[in-house]
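Taking it in order: structure first as structure tokens, then the write-up.
A, B, ... follow the sequence lines: proteins, then strands. Residue 1 opens every chain.
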2 protein chains.
Amino acid sequence: MERLTIGRLAQKTGLGRETIRYYERRGLISPPPRSASGYRDYPQEAIGVLGFIKGAQALGFTLREVAELQALIGESKAVCGDMRDRALLKLEDIETKIKRLRSIRQSLKKIIKACPGKGPLSECSIVVGLEGADKKS
Amino acid sequence: MERLTIGRLAQKTGLGRETIRYYERRGLISPPPRSASGYRDYPQEAIGVLGFIKGAQALGFTLREVAELQALIGESKAVCGDMRDRALLKLEDIETKIKRLRSIRQSLKKIIKACPGKGPLSECSIVVGLEGADKKS
DNA sequence: ATACACCCTGTACCCCGGTACAGGGTCAAG
DNA sequence: CTTGACCCTGTACCGGGGTACAGGGTGTAT
């Protein structure tokens, strides 16, 4: 039976070898047992743990937050509602980001519309509109 | 007539002194003349240049991109349409980010809905749903 | 036995946008 | 003439998420 080396784990999870070692340094995955020659020898569960990290990341959680989620999972008295609270906070976080981006989008659309699209930059509403503009040139 | 020192410029623009020096290091603002004692002595135009940077940043441009915009402004044959192209690219960029965030938001909402909110974490759909989950505990 | 792929550690580097010193010099008010 | 607020340079650090070596050891197939 082939041992689950870091390379194979990387292949199975779609992560890079370096990334997995990086996660270990950050405490996101527990250091696996080592073979006689010092190679990391992962248990099958490691695949799931990395899947959890990837999944949480895909939901917008930072690695630091992923570590917090894992700590939560480690606490015996933690309740399902605790997890939901984290998700709700993250949802608010995401909503805020969306709002900011929408506002940026509106501003961009406005200046694009105002731009004649022809003529020298010196008369460009985008350039001029950006407060005072760059008079270096 | 008071000279425009870095501190006063910082006050007028709402930026930090360190930030202004940082912009100078990054080549976003040209090094100003110095007083006899080596103090930076900014021309009034500097306020506008910093305003341009702030404005472009508020539109979602990174500092690197701001530098590119400035380079564009410096080119005599640059046309207004060039600037509009940049803005259009940035708009796409922002749209993409919004789409990604919206997708994250949807996923978050889904798992929040699925979560019972009560009971131990081991049965939490959020935990279990995240591919294999963390079996460390 | 030799090549080649893989593993190890440690450190440095990348983008991004700053912030925070330390260890000096200077300027203006009292 | 001293005190305090300002200025200078240079370097290191923050958070975020990695990537890329260098300089070694190992594992396996031919």
(message) Without decimals, in angstroms, what is the distance between B:F61 CZ and C:dG17 P?
(response) 12 Å

(message) Can you tell me how far apart CD (B:E95) and CG (B:L88) are? Round to the nearest 0.5 Å.
(response) 10.5 Å

(request) Check the distance between D:dG16's P and A:L28's CG and give it to me in whole angstrom. (result) 12 Å

(message) Of the options C:dC6, C:dG17, D:dG18, whose atoms approach the side-chain atoms of A:Q57 most closely?
(response) D:dG18

(message) Does D:dC7 have OP1 or OP2 under 4.0 Å away from a side-chain N or O of B:T5?
(response) yes

(message) Regarding B:E65 and B:R86, does a basic nitrogen lie under 4.0 Å from an acidic carboxylate oxygen?
(response) no

(message) Quick check on C:dC7: is either OP1 or OP2 less than 4.0 Å from any side-chain nitrogen or oxygen of A:S35?
(response) no

(request) Work out which heavy atom in A:Q70 is nearest to a heavy atom in A:I53; give both atom names and the distance. (result) NE2-CG1, 3.9 Å

(message) If I take atom CD in residue A:E24 and atom P in nucleotide D:dG18, what distance separates them, rounded to the nearest angstrom?
(response) 15 Å

(message) Without decimals, in angstroms, what is the distance between A:R34 CZ and D:dG27 C1'?
(response) 17 Å

(request) Locate the shortest heavy-atom distance separating B:C115 from A:C80; write the atom from each residue and the value. (result) SG-SG, 3.2 Å

(message) To the nearest 0.5 Å, what is the distance between CG on B:L69 and CG on B:L63?
(response) 11.0 Å

(request) Measure from the side-chain heavy atoms of B:L63 and tell me the nearest of D:dG17, C:dC16, C:dG18. (result) C:dG18

(message) Treating B:T96 as the side-chain partner and B:E92 as the backbone partner, does any N or O pair qualify as donor plus acceptor under 3.5 Å?
(response) yes

(request) Name every residue in residues 7-23 of chain B that has at least one heavy atom under 4.0 Å from any atom of DNA chain C, in order of residue number, or write none if there are no such residues. (result) B:E18, B:T19, B:Y22, B:Y23

(message) Side chain of A:T62 only, heavy atoms from C-beta on: which candidate in D:dG16, C:dG17, D:dT9 is closest?
(response) D:dG16

(message) For a quick test of reading the model: is some side-chain N or O of B:S37 closer than 4.0 Å to OP1 or OP2 of C:dC27?
(response) yes

(message) In this structure, how many angstroms lie between the P atom of D:dG27 and the CZ atom of A:R3, rounded?
(response) 7 Å

(request) Please state how far atom CZ in A:R64 lies from atom P in D:dG16, giving the value in whole angstrom units. (result) 5 Å

(message) Rounding to an integer number of Å, can you tell me how far A:R25 CZ sits from C:dA12 C1'?
(response) 11 Å

(request) Using a cut-off of strictly less than 4.0 Å between a heavy atom of the residue and any atom of DNA chain C, enumerate the qualifying residues of residues 94-104 of chain A by number. (result) none

(message) To check you understand the geometry: which heavy-atom pair defines the closest contact between B:P32 and B:D41, and what is its length?
(response) CB-O, 3.9 Å

(request) Check whether any side-chain heavy atom of B:I104 sits under 4.5 Å from a side-chain heavy atom of A:F61, and report yes or no. (result) no

(request) To the nearest 0.5 Å, tell me how far B:E45 CD sits from B:I47 CD1. (result) 9.0 Å

(request) May I have the distance from B:R40 (atom CZ) to C:dT26 (atom P), rounded to whole angstrom? (result) 15 Å

